[in-house]
Amino acid sequence: FEPITVGIAIGAASALTGYLSYKDLYCRFAECCRSERPLNASALKQDLEEKLFGQHLATEVILKALTGFKNNKNPKKPLTLSLHGWAGTGKNFVSQIVAENLHPKGLKSNFVHLFVSTLHFPHEQHIKLYQDQLQKWIRGNVSACAGSVFIFDEMDKLHPGVIDAIKPFLDYYEQIDGVSYRKAIFIFLSNAGGDLITKTALDFWRAGRKREDIQLKDLEAVLSVGVFNNKHSGLWHSGLIDRNLIDYFIPFLPLEYRHVKMCVRAEMRARGSAIDEDVVTRVAEEMTFFPKDEKIYSDKGCKTVQSRLDFY
Ligand SMILES: Nc1ncnc2c1ncn2[C@@H]1O[C@H](COP(=O)(O)OP(=O)(O)OP(=O)(O)O)[C@@H](O)[C@H]1O
């Protein structure tokens, strides 16, 4: 080899590795948007199966929806999930798990955005302003990171119409004003439909059938029609349902006594304390259960478990 060629080769290689390691180094200290990074489906599966209690339908659908979407190199629209269920059944919790599996910093990531209706869009007279702000915010963030995640909590408290502002972003457009929204993920959380879900779960229980036998088809249709026609769903007569822009309606079942106990144990483990079954039972028994006669489902799900545990 002549020295000049070798010199050029070494120079090129070091420039290349220098560039690569610079990028890697940069991403080690600053958060990088890695929309193309494949989803670790088995890690997500393990997280859902180990951490989320009593929600076999949500686990199954979320896993299927996310792996399908992330494996598709060329999705035709962003992924839209609508999570429904009673308070404290794990909707926010699951969104956090999903967010962490997409962007390691989870809810703290610059690419994960949480909107809470009563906090961010409180006044009915400002709907127009909220619509403009929302569009700008989403456009800006998707331009910065195609795989951005947007979570809308308390959809049932959102003034009808606000959400329609983002309808164009959720549709099958290749680009809007030079921005493609097809790799983004939108998650809507709502209590709407919780009563329908509970009714179905109760019907199964009363018929002596197992909770795990409830299938998506037992709930999905009821849910989408129920939510569409429910004035307080945030999606009421919304173009999102009209145009089939919601990919999955995901039901969260009401939690039973045994699930509340599982939540107490998980919280104890998270605090690094030894599991004291006596305390587990006492905390679970302090919760209130419905319906009045059978007392099967916790009316706050696992929501107050953490604060109750502070007393012990
Ligand atoms: N199914 C579940 N499995 C494990 N933990 C749960 C589950 N549901 C709730 N929890 C625990 O209870 C806490 C509160 O639940 P979360 O905020 O997810 O409820 P939610 O369904 O979003 O309620 P809301 O509709 O009132 O916002 C969670 O942070 C989690 O610790």
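Heavy atoms only: backbone and side chains are in, while hydrogens, waters and symmetry mates are out. Start at 1 and go down the list; that is how both ligands and their atoms are numbered.
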Fill in the blank from the handout: Contact region, Val94 to ligand 1, non-hydrogen atoms below 4.0 Å, reads neither
Practice task
Please write down residue, atom name and distance for the protein heavy atom closest to atom 4 (C) of ligand 1.
Solution key: Lys51 O, 3.2 Å
Problem - Protein contact of atom 27 (O) of ligand 1 - nearest heavy atom, named by residue and atom, plus distance - result: Asn92 ND2, 3.3 Å
Fill in the blank from the handout: Between the CD1 atom in Ile163 and the CZ atom in Phe121, the distance rounded to the nearest 0.5 Å is 7.0 Å
Problem - Numbering as shown, the atoms of ligand 1 that approach Leu52 to under 4.0 Å (heavy-atom distance) - result: 1 (N), 2 (C), 3 (N)
Exercise for the section: For atom 26 (O) of ligand 1, grab the closest protein heavy atom and report residue, atom and distance to one decimal in Å. Expected result: Lys303 NZ, 2.4 Å
Exercise for the section: Report the residues that fulfil salt bridge (Lys or Arg N to Asp or Glu O under 4.0 Å) with Glu36, sequence neighbours left out, ordered by chain and then residue number. Expected result: Lys183
Fill in the blank from the handout: shortest atom 6 (C) of ligand 1-to-protein heavy-atom contact is with Cys263 SG, 3.7 Å
Problem - Heavy-atom nearest neighbour in the protein, as seen from atom 23 (O) of ligand 1, with distance rounded to 0.1 Å - result: Gly88 N, 2.8 Å
Exercise for the section: Run the numbers for me: atoms of ligand 1, each under 4.0 Å from some heavy atom of Asn191, listed by number. Expected result: 25 (O)
Exercise for the section: Quick one: sort the His120 and Phe115 rings into parallel, tilted or perpendicular, breaks at 30° and 60°. Expected result: perpendicular
Practice task
Could you tell me whether Asp132 and Lys136 have a side-chain N and a carboxylate O separated by less than 4.0 Å?
Solution key: no
Problem - Polar proximity ligand 1 side, Ala87 side, N/O cut 3.5 Å exclusive - result: no
Problem - Identity and separation of the nearest protein heavy atom to atom 31 (O) of ligand 1 - result: Gln306 NE2, 3.5 Å
Problem - Gly85 N/O to ligand 1 N/O under 3.5 Å - result: no
Handout entry: Nearest protein heavy atom with distance in Å, relative to atom 1 (N) of ligand 1
Key = Phe53 O, 2.9 Å
Problem - is_close_aromatic(His84, Phe252), centroid dist under 6.0 Å - result: no
Exercise for the section: Among Phe152, Phe186, Trp137, find the residue that satisfies the ring pair (Phe, Tyr, Trp, His ring centres under 6.0 Å) test when tested with His113. Expected result: Trp137
Handout entry: Min N/O separation Phe93 to ligand 1 under 3.5 Å
Key = yes
Problem - Any pair counted as side chain to side chain donor-acceptor pair (under 3.5 Å), so long as it reaches residues 88-98, sequence neighbours left out - result: Asn92-Asp153
Exercise for the section: Name the option, out of Val264, Thr89, Val305, that contains the heavy atom nearest to atom 8 (N) of ligand 1. Expected result: Thr89
Exercise for the section: Please verify whether a non-hydrogen atom of Leu189 lies at under 4.0 Å from ligand 1. Expected result: no
Problem - Salt bridge present between Lys77 and Asp247 (N-O < 4.0 angstrom) - result: yes
Exercise for the section: Kindly indicate whether the side chain of Tyr181, heavy atoms from C-beta on, has any atom under 4.5 Å from the side chain of Ile138. Expected result: yes
Problem - Aromatic ring proximity His103/Phe111, centre distance under 6.0 Å - result: yes
Exercise for the section: Could you tell me the residue and atom name of the protein heavy atom closest to atom 10 (N) of ligand 1, and the distance to it rounded to 0.1 Å? Expected result: Cys302 CB, 3.5 Å
